[in-house]
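Both counts, for ligands and for their atoms, begin at 1 and track the order of listing.
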Amino acid sequence: MKNSVHSLLDCRHLNRESLQSLVLRARDLNFAQFQNTEIQLRRSQKIVALVFFEPSTRTSCSFEIAALKLGYRVINLGAHESSLQKGETLLDTLLNLQAMGPSMFVVRHGGSERLSEIRSHIHTPIVSAGEGVAGHPTQALLDLYTIWEARNFLPLDEMKERILFVGDVAHSRVARSNFEVLKNLGFAIGISAPREWVGNLAQDSYIQLFDRVEEGLKWATCVVGLRVQSERHPKVHDEKNMSLVDHFIQNFQINSERLKLLSEDGIVMHPGPVNWGVELSEDVARDPRTKILRQVENGVRIRASVIEEILGRETWAKT
Ligand code: CP
């Protein structure tokens with residue numbers, strides 16, 4: 001991970017070699033080896049601090065489980081119990097936590113401060129667990145892992161995938177991080193969504209736009225549904241957004257009828273949480289091509305691989 005000797009804030013600098021090494025480590029991690037008493041003793045000196053200032057189920061729990069399985073200890077700080085409530089900034093919060101000596105931070109936030117700027121004031125490694133609409137790097141890595149697994153772990157340079165994103169792409173940090181990974185691998189990217197939810201990504205010549213989701217599904221090897229992010233839509237446009245959601249359901253929703261157009265070995269993913277009946281119809285959960293819970297399962301392995309990249313090298317070498 002070239003940009004992450006200390007931190008992982010985006011996927012831009014993760015070339016094919018770094019990505020291959022991350023997914024390989026995720027696949028080959030043997031958690032049982034970390035139950036060795038000597039390793040546990042050494043690793044329990046290191047603390048992973050989870051700082052989640054936006055809600056999370058999958059990301060926060062999978063980072064915690066990954067760190068615990070690796071033998072590290074974990075502390076949790078959420079927005080409601082933190083001094084963020086008293087007006088403390090994210091930078092001050094991390095500086096104060098750093099003074100207590102954790103080995104790394106995992107941070108989710110939606111505020112105006114940027115982790116890329118904060119990083120220069122902090123010497124503790126930081127992993128982004130989702131930052132506003134800017135990015136969600138470990139989600140993109142677990143998405144890649146899930147596709148790679150579905151292709152029987154073919155070397156990444158032999159894979160030729162066409163990934164179609166359907167939903168609220170403009171407000172999606174998941175899409176942004178995925179685009180960084182997929183471009184670095186040379187995979188093709190398509191978007192199918194109402195123009196309001198494509199935003200300025202329509203200007204990216206790398207990305208193919210499909211006005212009709214049916215055409216996109218015929219083209220794609222993998223389709224990713226993206227959540228309609230009502231909380232990031234301007235409140236004044238609530239009524240307009242509602243009619244847009246209805247338009248989306250009518251014309252873009254991934255349902256079993258439309259999925260007949262996706263190839264038999266196609267893959268259906270969604271980072272979650274899913275608005276069932278909006279991005280995906282409920283019957284999609286039962287389609288054998290749907291990998292949504294597999295993505296969640298793989299999230300533990302990928303996050304463990306990232307934590308190992310940052311904290312594990314030294315102790316790994318001694319084992
Ligand atoms: N995909 C994802 O980030 O889910 P959570 O918000 O539950 O972490």
Side-chain angles (χ1 to χ4, degrees), residues 8-11 22-23 26 48-69 74-80 82 84 90 104-111 115 126-150 163 165-182 193 197 222-233 254 267-276 278-280 284-285 290-307:
L8 176 65
L9 305 185
D10 61 62
C11 296
L22 269 167
V23 293
V48 176
L50 303 183
V51 180
F52 275 69
F53 289 165
E54 275 193 335
S56 169
T57 297
R58 282 149 287 268
T59 314
S60 64
C61 291
S62 60
F63 264 113
E64 179 156 2
I65 289 169
L68 294 173
K69 279 181 168 228
V74 175
I75 61 161
N76 285 282
L77 180 68
H80 294 301
S82 78
L84 206 70
L90 179 59
M104 68 179 279
F105 292 121
V106 177
V107 180
R108 169 170 290 192
H109 81 108
L115 289 175
I126 306 174
V127 175
S128 163
E131 182 178 23
V133 296
H136 193 350
T138 59
Q139 178 69 46
L141 295 174
L142 76 87
D143 292 344
L144 171 66
Y145 186 96
T146 305
I147 299 169
W148 183 55
E149 178 186 56
I163 319 291
F165 293 83
V166 180
D168 190 0
V169 190
H171 297 96
S172 173
R173 56 188 173 209
V174 173
R176 272 169 185 70
S177 290
N178 261 284
F179 293 171
E180 291 169 358
V181 167
L182 301 175
W197 293 349
C222 171
V223 57
V224 181
L226 292 173
R227 188 169 66 87
V228 176
Q229 312 223 3
S230 309
E231 76 278 21
R232 301 195 200 279
H233 294 162
I254 300 165
I267 302 165
V268 182
M269 303 202 299
H270 190 300
V274 181
N275 295 309
W276 293 105
V278 180
E279 301 98 51
L280 310 179
V284 171
T290 298
K291 306 290 180 200
I292 296 172
L293 289 178
R294 197 72 204 161
Q295 287 173 270
V296 178
E297 196 176 333
N298 291 336
V300 175
R301 284 202 163 268
I302 274 294
R303 282 157 183 145
S305 177
V306 169
I307 295 171

Keeping the roles fixed (side chain from T290, backbone from V284), state whether a donor-acceptor pair exists under 3.5 Å.
->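 A pair under 3.5 Å: yes.
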Does A134 offer a backbone N or O that forms a donor-acceptor pair with the side chain of R176 under 3.5 Å?
-> no
Under 4.0 Å between a Lys/Arg side-chain N and an Asp/Glu carboxylate O for R301 and E149?
-> no
Contacts of A49 that satisfy side chain to side chain contact (heavy atoms under 4.5 Å, CB included) - sequence neighbours left out | I75, P102, F105
Distance dump, ligand 1 polar atoms to protein, N/O, under 3.5 Å:
residue, atom, partner, partner atom, Å
ligand 1, 1 (N), Q139, OE1, 3.1
ligand 1, 1 (N), P271, O, 2.8
ligand 1, 1 (N), G272, O, 3.2
ligand 1, 3 (O), T59, OG1, 3.0
ligand 1, 3 (O), R108, NH2, 3.0
ligand 1, 3 (O), H136, NE2, 2.9
ligand 1, 4 (O), R58, NE, 3.0
ligand 1, 6 (O), R108, NH1, 2.8
ligand 1, 7 (O), T57, N, 2.8
ligand 1, 7 (O), R58, N, 3.0
ligand 1, 7 (O), R58, NE, 3.1
ligand 1, 7 (O), R58, NH2, 3.0
ligand 1, 8 (O), S56, OG, 2.6
ligand 1, 8 (O), T59, N, 2.9
ligand 1, 8 (O), T59, OG1, 2.6
ligand 1, 8 (O), R108, NH2, 3.3

Would you kindly say whether R303 and T138 are connected by a side-chain donor-acceptor distance under 3.5 Å?
->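 Note: R303 and T138 side chains meet the donor-acceptor criterion.
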Just checking, any donor-acceptor pair under 3.5 angstrom between side chains of H136 and E131?
-> no
